[in-house]
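These notes concern the structure reproduced below.
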Amino acid sequence: MQIIAPNHNGQNLKIGIVQARFSNEIGSAMLAIARQKLLDLGVADEDITVTTVPGALEVPLVLQRMAASGQFDALVALGAVIRGETYHFELVANESGAGVTRVGLDFGIPIANAILTTENDSQAHSRVREKAEDAAVVVVEMANQLQYWDEIAED
């Protein structure tokens, strides 16, 4: 049996991050944590590109443009959708998630979806660190995984 081990070495990876500004306190905290974790994994600060958008529904469109540019090995979506009193929560949570997934599949690029979907502010705040750090680890691992398969395909 051949086992392909996870590779968390971020050296030479180019990472793009799109942060939704709605619930900006949470998104900004996630950005700081994800950035630090990427640096800890060896991604150079100059190889991290960050942009912001108004809310979670706008994230997939910018991810799509970033993916189409060919400048990135992997992307990260950051933000928070917190339940309110209307159906709008379900719409935003479902559509932003589906859009992020579609971009990744359409362009063959790893995207760590760290857009929190929570019932309240307290749940969102309690998940910031874990979800942001996890997003950084996931994007580095997946970028390396796809590069491995690209190298196999070239041989």
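Sequence positions, counted from 1, serve as the residue numbers for this chain. Just so you know, these numbers use all the heavy atoms, side chains as well, and skip hydrogens, waters and symmetry mates.
Remark: M30 CE to Q19 CD distance equals 9.0 Å, nearest 0.5 Å. Residue D121 holds its CG atom at 5.5 Å from CD1 of I26, rounded to the nearest 0.5 Å. For the atom pair I15 CD1 and D45 CG, the distance stands at 12.5 Å (nearest 0.5 Å). Annotation: the span from L13 atom CG to D73 atom CG amounts to 5.0 Å, rounded to 0.5 Å. Distance check, rounded to the nearest 0.5 Å: CD1 of I115 to OG of S23 gives 11.0 Å. Between atom CE of residue M66 and atom CD1 of residue I111 there is a gap of 10.0 Å, rounded to the nearest 0.5 Å.
A heavy-atom distance below 4.5 Å is found between the side chains of N144 and Q147. For the pair I4 and W149, the minimum side-chain heavy-atom distance is below 4.5 Å. With contacts defined as side-chain heavy-atom distances shorter than 4.5 Å, the pair Q145/N7 does not qualify. Counting heavy atoms from C-beta outward, K14 and Q71 have side chains that stay 4.5 Å or more apart. With a 4.5 Å cut-off on side-chain heavy atoms, I17 and L78 count as touching.
In E130, the CD atom is not crowded: 12 or fewer heavy atoms of neighbouring residues, nucleotides or ligands sit closer than 6.0 Å. Residue Q36 places its CD atom among more than 12 non-hydrogen atoms of other residues, nucleotides or ligands, all under 6.0 Å distant. Open room surrounds CZ on F22; 12 or fewer heavy atoms of other groups in view lie less than 6.0 Å from it. No more than 12 heavy atoms of other residues, nucleotides or ligands shown are found within 6.0 angstrom of CZ on R102. Counted within 6.0 Å of CG on N12, heavy atoms from surrounding residues, nucleotides or ligands total 12 or fewer; the atom is thus considered open.
L75 and L38 are not part of a single hydrophobic cluster, where members link through side-chain heavy atoms under 4.5 Å apart. V92 and V18 end up in the same hydrophobic cluster when Ile, Leu, Val, Met, Phe, Trp and Tyr side chains are linked at under 4.5 Å. At a threshold of 4.5 Å between side-chain heavy atoms, the hydrophobic network of Ile, Leu, Val, Met, Phe, Trp and Tyr places V50 and V137 in one connected group.
Residues passing the side-chain hydrogen bond (donor to acceptor under 3.5 Å, both in side chains) test with H8 are E141, sequence neighbours excluded.
Tested against V100 for a side-chain contact (heavy atoms from CB on, under 4.5 Å), the candidates V76, L63, L105 yield a single pass: L63.
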